[in-house]
Every structure is written in C-alpha cells, then in structure tokens.
Amino acid sequence: MDLSTLSYQKFVQFALEQTNLRTTLTPLPSQEKFKSLKANDNKSVLNAISFCAPKIRLLRSLTIEDSQSMLVLDFAAFSKPEYDAPIFCANAFTTPSRSIVVLDLNPLYDVTIHPDYKEKYYKKLMPLSEKYSELLPWGGKLTSESLKFFSPIVIWTTVASSQLVHDVLFSAFVDYFKAWLELIDEATDEKDESLVLLNREAQHKYLTWRAEKDPGYSILKKLFGETLAKDLVRQFLFDGVDSLGSKTFLDYFPEYRLENGTVNKKRSMVGKSYETRPWNSAGEFIAD
C-alpha cells in the first residue's frame, strides 16, 4: 500500500469543524508548546493541536505522517469533570501492510460493574459496532486489563492497509465523533461536588493508565528522544495526569507492583484474553 495516498488530517479537520458548529474551541498552551516539534529522522511530519471548550476539558490530536513507513493518529476528547460523559478515543497506526485501530467512546466507569452507566450512554449506540463489525472485525486477543477501559461499542481491529479500510475508518470516525458530540450537547453539569470528584478521579485513573501503558511511546522516543517523548505523553496526550489527581499508577493498579516497588512493564499480563468480541449486540458481557 502506498501511504502517500492516505492521510489522517481529514479526520482531524472533520472533528474540529463539527465541534466548532456546536461550541467555541479555545487553544490550550500545550498546542503552542508542541506544535513545532521536529522529528529526529527529518522526514516524519508531526501535527499537534489541543483545545478546550465550555463543556470540554481537553480535545487534542497528534498525527505523525511518514509517507514511506507509517501514519499515526492519536485523537482524544475529554469532558470537564462536571460531566460523566465517556472519553472519545481514536488511535490508528498504519504501515504499508497493516492498520491497527482502536476507536471508542471509552467509559468513565467500568460498564461491567456499572450497568446504569452502560444503560445511560451505550444502549442507543450499540448499532454502531454492528455497522462496522464486518469491514473492521475484532482484532484478536485482548486482555481484561485493557477491556475495563473499553465500551461495548469499541472497534478494535488489525487489518490489511487499503484505501477501502481507510475510507471505512473515516466513516466510523465520523459516526462515533458525532455520537460523542451529541452526548456532550445533552450532558447536564453535576451539582453534587462528591460526584464531580468521582468523575475527576475516574478521568485521572484513565489518564494514569494510558500514560503508563501507551503503546506509541516507543515511536515517540525514537522520533523525539526520551525527554520530549515523556513530555508529549504527560503534558499533551494525557494532559491532566499531573493535575487532576495525586494518585500514582501503583495506587490505582497495585497488581503491577514488583518486589522492588517499581512498575511491571510487561503488557497484557493481567486477566483473561478475549479473541472475539466479548459483548453481544445488546451490549451484554457474554464472556466469562
């Protein structure tokens, strides 16, 4: 596959245009800090944007494009803690041969433990995963350590790269992002401060997990060096990990603590693996 014919920029532009139709986006300082980064290989083109809005704490996008070897999209949007809305997440890594994709409205609260949250946000969205299940099939083994941050409508796939796959992915991105914007439009701010604090901690837990487990860190480290890569992860991609709360990764996930007190860096080490979609068309968890 010739990657020069593909780009994730239209995904980002669509999201910005749709969001601007509904609210006012304000650039964040992190955009200015990271937008002019230059890759060490002098050929990868990086684009970094970050905004906030009245109901949105953070909407940010990082794309990396090298027409010879890879295209990367890392797009996310978080509501303010006054709302318990899901987190929009779109991650795609495309090489000339394969495309690895995660697209979801990540739940703020584990839907296998909080059925009321699943009912509130995902019941009417279940047709979305059905719509794309054939062209973007389940990508194989996924462990429960990751599953707790995914919703029943998650698209997780690894498929051969092609123009068709790229077009289908764009269509899915459009549908999922419109669905997220609808949820944000309908969201009402929580008046109970204790519940706002729970939402804040739920976002912080998610950010702490993602900052520690980010599979793209090795690419960032190669392109920008270790210091800049860490800054990108903590101050841009998962902005809020150092400000929304004070708990550490091991506070949230003590099962990863090694005997010497450090974090076990192995991936996919905790819980059962699922080789097929573990939810049915009604969003019920069907794997045991």
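Note that the structure is predicted; figures quoted are calculated from it, not measured. Just so it is clear, the values below take in all heavy atoms, side chains as well, and ignore hydrogens, waters and symmetry mates. Starting from 1, each residue takes its place in the sequence as its number.
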Applying salt bridge (charged side-chain N to carboxylate O under 4.0 Å, His left out) to Asp239 and Arg57, what does each step give before you reach the verdict? CA-CA 10 Å; Asp239 187 15; Arg57 182 185 68 82; 5.2 Å; no

Under the side-chain contact (heavy atoms from CB on, under 4.5 Å) criterion, do Ser133 and Arg277 qualify, and how do the steps go? CA-CA 10 Å; Ser133 61; Arg277 177 175 288 277; 5.6 Å; no

Working for side chain to side chain donor-acceptor pair (under 3.5 Å), residues Asp104 and Tyr176: CA-CA 7 Å; Asp104 196 16; Tyr176 276 59; over 6 Å; no

Going through the checks in order, is the side-chain contact (heavy atoms from CB on, under 4.5 Å) test met by Trp279 and Leu147? CA-CA 11 Å; Trp279 294 282; Leu147 210 61; 3.8 Å; yes

Under the ring pair (Phe, Tyr, Trp, His ring centres under 6.0 Å) criterion, do Trp209 and Tyr252 qualify, and how do the steps go? CA-CA 9 Å; Trp209 171 266; Tyr252 287 124; over 10 Å; no

Check the pair Ser67, Lys43 against side-chain contact (heavy atoms from CB on, under 4.5 Å), reporting the backbone distance first and the verdict last. CA-CA 9 Å; Ser67 61; Lys43 59 179 182 175; over 6 Å; no

From CA spacing to verdict: salt bridge (charged side-chain N to carboxylate O under 4.0 Å, His left out), Asp175, Lys131: CA-CA 10 Å; Asp175 285 349; Lys131 180 178 179 180; 2.6 Å; yes

Could you walk me through whether Leu198 and Leu108 pass side-chain contact (heavy atoms from CB on, under 4.5 Å), step by step? CA-CA 10 Å; Leu198 285 177; Leu108 215 54; over 6 Å; no

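One finds the CG atom of Leu258 at 8.5 Å from the CG atom of Leu250 (value rounded to the nearest 0.5 Å). Note: Lys10 NZ to His166 NE2 = 5.5 Å, rounded to the nearest 0.5 Å. If you take SG on Cys89 and CG on Leu103, they are separated by 7.5 Å, rounding to the nearest 0.5 Å. Of the inter-residue distances, the one linking Glu284 atom CD with Met126 atom CE reads 9.0 Å to the nearest 0.5 angstrom. With rounding to the nearest 0.5 angstrom, the CD atom of Gln31 is 11.0 Å from the OG atom of Ser36. The structure places CG of Leu71 at 4.5 Å from CG of Leu3, a figure rounded to the nearest 0.5 Å.
Around atom CD of Glu186, more than 12 heavy atoms belonging to other residues, nucleotides or ligands sit under 6.0 Å away. Crowding of Gln18 atom CD: a count of heavy atoms from other residues, nucleotides or ligands under 6.0 Å exceeding 12. Residue-environment remark: NZ (Lys222) stays at or below the threshold of 12 foreign heavy atoms within 6.0 Å. The local environment of CD in Gln163 is crowded, with over 12 non-hydrogen atoms from other residues, nucleotides or ligands closer than 6.0 Å.
Relative to the six-membered ring of Phe249, Arg257 misses at least one condition, a distance below 6.0 Å or an angle of at most 45° to the axis.
Less than 6.0 angstrom separates the ring centroid of Phe88 from the ring centroid of Phe173.
Within the 4.5 Å cutoff, no side-chain heavy atoms of Asn91 are placed close to those of Phe75.
A chain of hydrophobic side-chain contacts below 4.5 Å, direct or via other Ile, Leu, Val, Met, Phe, Trp or Tyr residues, connects Leu46 to Phe93. A continuous path of hydrophobic side-chain contacts links Phe14 to Ile184 [ILVMFWY only; heavy atoms under 4.5 Å]. Taken together through direct or relayed side-chain contacts under 4.5 Å among Ile, Leu, Val, Met, Phe, Trp and Tyr, Leu135 and Phe170 form part of one hydrophobic cluster.
Side chains of Lys33 and Gln235: a donor on one and an acceptor on the other come within 3.5 Å. Judged purely by distance below 3.5 Å, without hydrogens or angles, the side chains of Tyr206 and Asn106 pair a donor atom with an acceptor atom. In this structure, a donor-acceptor pair under 3.5 Å is present between the side chains of Tyr8 and Thr94.
For Asp110 and Lys148, the salt-bridge test fails: no basic side-chain N is under 4.0 Å from an acidic carboxylate O. One finds no salt bridge joining Lys178 and Glu182 here, because no Lys/Arg side-chain nitrogen approaches an Asp/Glu carboxylate oxygen to under 4.0 Å. Using a 4.0 Å cut-off between a side-chain N of Lys or Arg and a carboxylate O of Asp or Glu, Asp189 and Lys191 qualify as a salt bridge. With respect to Arg22 and Asp185, a salt bridge is recorded, a charged nitrogen being found less than 4.0 Å from a carboxylate O.
Among Tyr121, Phe150, Trp180, the single residue meeting the side-chain contact (heavy atoms from CB on, under 4.5 Å) criterion with Leu105 is Trp180.
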